[in-house]
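Beneath this line is the structure, given in structure tokens, with notes to follow.
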Amino acid sequence: LNSLEVGYYELDLAGTVTDGSDIAGTILGSSTEGLIGKNFAEFCDAENAQALYEIYHNVYETGQPAKEVEYYFTAPNGIKILSETSAALVRDADGEPIGFRGIIRDVTERKEAEEELKNSRRRMKQIIDFLPDPTWVVDNQGRVVAWNIAIEELTGVRADEILGKGNFEYAMPFYGERRPILIDLVLNWDESYQEKYPGLRVLENQLISEETYIPMLGENGLYLAATARILYDSERKPTGAIESVRDISERKKAEEETARLLAETQQRNAELKIINQVGQKLAGELDLQKMIDLVGETLSEALNSHILYIAVFDQKTDKIRFPYCNVDNKQIEQPAMRLDKGLTPKILKSRQPLLCGTFQEQVDQGAIIAFGECEAYLGVPLLAGKKAIGVLSVQHPKPYRYTDTDMRLASTVATNLGVAIENSRLYTQIEQALDVAEHDLEIGREIQAGFLPQTLPKIPGWEVVSYFLAAREVAG
């Protein structure tokens with residue numbers, strides 16, 4: 001008996017110790033001899049004594065043994081010992097009950113360790129619940145062992161609905177299907193995954209996903225950043241993994257807005273650069289065709305056009321002529337057209353830009369195909385004051401190639417060209433008027449010069465001279 005790791009004892013029907021092992025005595029804080037003759041109730045408080053009495057009485061009544069019953073004994077030094085006992089009924093040769101025999105072990109340390117483990121888990125749960133980021137923990141079998149308040153709020157899944165569940169249950173709120181996610185990859189990482197998941201950062205025992213879009217969360221989906229790490233016990237053996245996610249949707253929106261504003265600023269700067277270049281060159285040029293060629297070449301490059309034409313309305317012929325027409329970087333001759341059908345007359349009459357994303361949209365607007373089919377069409381009027389004197393158009397095979405930004409650039413350049421064309425016309429008219437005036441003045445000078453005699457008279461005692469100053473104006 002003394003070789004057993006647990007204590008052995010025997011009681012009579014009154015609960016008095018009749019025999020026992022040294023270990024039993026040690027557990028109860030006495031020697032074996034000191035145990036014999038004492039009633040079990042002497043080692044317990046009233047509450048535990050009553051509980052033991054009921055257990056032994058049940059064994060006596062039913063004949064069924066009691067197994068692993070926990071109760072507190074009080075040692076002679078006053079220390080309470082939590083013990084675990086099992087008891088069975090002892091019968092004599094005639095089968096009559098004569099007492100009880102059982103085993104006893106001190107489980108105080110084990111119970112304290114279990115309580116400490118419970119407290120540790122409770123503290124860990126409280127810590128995880130306190131974390132502001134949605135967090136959960138799984139064991140080595142993939143069962144959920146922790147699910148904090150933040151992840152409840154993010155997914156709408158309560159902890160009591162998912163704790164203890166495996167089979168990728170935690171993936172359902174994110175993807176609507178059972179599938180491995182970051183917390184599974186970190187537990188079963190393979191170097192070949194790096195090629196399959198290029199967006200992951202791999203650190204020691206840790207995986208980081210900088211950005212993942214989850215369409216099932218939130219009203220319009222959420223962008224999440226995630227981190228998963230392996231958990232180890234005191235012997236550095238993996239016991240599971242923990243994953244935390246963070247909603248970065250607002251940051252993502254801010255980044256996208258910043259990128260949009262930056263791109264818009266860069267685009268606007270590029271527009272202004274083109275506008276300034278065109279403006280400077282137009283300011284120093286009076287030749288009409290050279291001005292038109294300059295604008296055509298500049299916008300063809302800036303807007304990456306497949307077709308670009310500049311049309312000017314000729315009031316004398318009441319037709320639209322095309323001084324510039326570029327198709328696939330080749331200048332072509334385009335005959336004049338009447339001011340009745342097509343997109344160009346429509347823009348001239350309305351004095352408004354026209355933007356079509358597809359060929360069908362052009363047809364719906366009344367297009368006449370003159371240069372071949374292109375999906376995207378952008379046309380803007382050449383304005384001189386409130387008057388439209390022509391049209392600038394760009395076209396591209398790709399649908400929706402041109403945007404409001406392109407329309408703004410084309411409109412500004414077209415307006416500059418319209419003003420330059422009108423200025424050129426006015427300059428030509430002034431030059432012609434000056435030529436007429438000079439011709440008329442020359443005729444006047446000849447007429448006025450004819451008023452003087454061919455030869456001067458000779459009068460004795462007089463000296464006759466002549467003087468001529470041409471008049472600036474001639475009146476009838």
Side-chain angles (χ1 to χ4, degrees), residues 1-125 139-141 143 145 164 231-237 239-240:
L1 295 178
N2 290 330
S3 65
L4 298 176
E5 294 183 358
V6 296
Y8 174 81
Y9 66 90
E10 292 182 358
L11 305 176
D12 61 18
L13 292 178
T16 302
V17 179
T18 58
D19 195 8
S21 67
D22 292 342
I23 293 179
T26 302
I27 292 173
L28 296 174
S30 177
S31 63
T32 304
E33 293 76 10
L35 290 178
I36 297 175
K38 289 186 177 182
N39 191 277
F40 71 85
E42 297 181 36
F43 299 96
C44 306
D45 57 24
E47 181 180 353
N48 281 277
Q50 181 62 31
L52 281 173
Y53 170 78
E54 292 175 359
I55 291 169
Y56 286 123
H57 182 71
N58 185 64
V59 171
Y60 177 81
E61 290 289 335
T62 64
Q64 298 295 320
K67 298 179 180 180
E68 298 180 350
V69 178
E70 290 185 356
Y71 60 94
Y72 280 98
F73 278 118
T74 303
N77 59 9
I79 297 176
K80 283 191 173 184
I81 300 170
L82 180 63
S83 64
E84 183 180 85
T85 186
S86 298
L89 190 63
V90 178
R91 300 177 186 273
D92 61 13
D94 297 327
E96 295 295 323
I98 58 174
F100 306 92
R101 70 164 60 92
I103 58 174
I104 184 173
R105 61 165 60 89
D106 183 353
V107 295
T108 305
E109 291 184 0
R110 188 192 76 186
K111 195 68 176 179
E112 288 176 350
E114 289 176 354
E115 286 299 318
E116 178 59 30
L117 181 60
K118 288 181 181 179
N119 291 333
S120 176
R121 287 176 176 172
R122 190 179 300 110
R123 288 193 300 269
M124 181 61 67
K125 181 182 183 305
D139 60 18
N140 281 334
Q141 285 71 46
R143 295 185 295 257
V145 296
L231 299 176
Y232 296 92
D233 61 15
S234 59
E235 298 179 357
R236 292 294 295 171
K237 294 180 180 179
T239 60

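Numbering of residues begins at 1 and proceeds along the displayed sequence.
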From [X] [atom1] over to [Y] [atom2], what is the distance, rounded to the nearest 0.5 angstrom?
X	Y	atom1	atom2	answer
Ile104	Tyr8	CD1	OH	13.5 Å
Arg101	Leu89	CZ	CG	9.5 Å
Leu231	Asp139	CG	CG	10.5 Å
Phe100	Leu13	CZ	CG	5.5 Å
Leu11	Asp19	CG	CG	10.5 Å
Glu68	Thr85	CD	OG1	10.5 Å

Short side-chain to backbone donor-acceptor contact, [X] and [Y], under 3.5 Å:
X	Y	result
Asn39	Glu42	no
Thr62	Asn58	yes
Thr18	Glu10	yes

Ion pair Asp233/Lys237, N-O distance below 4.0 Å: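 No, no charged N to carboxylate O under 4.0 Å.
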Residue from Glu112, Lys111, Glu116 passing side-chain contact (heavy atoms from CB on, under 4.5 Å) with Glu114: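 Option passing the side-chain contact (heavy atoms from CB on, under 4.5 Å) with Glu114: Lys111.
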Look at atom CD of Glu115 and say whether more than 12 heavy atoms of other residues, nucleotides or ligands are closer to it than 6.0 Å.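 Yes.
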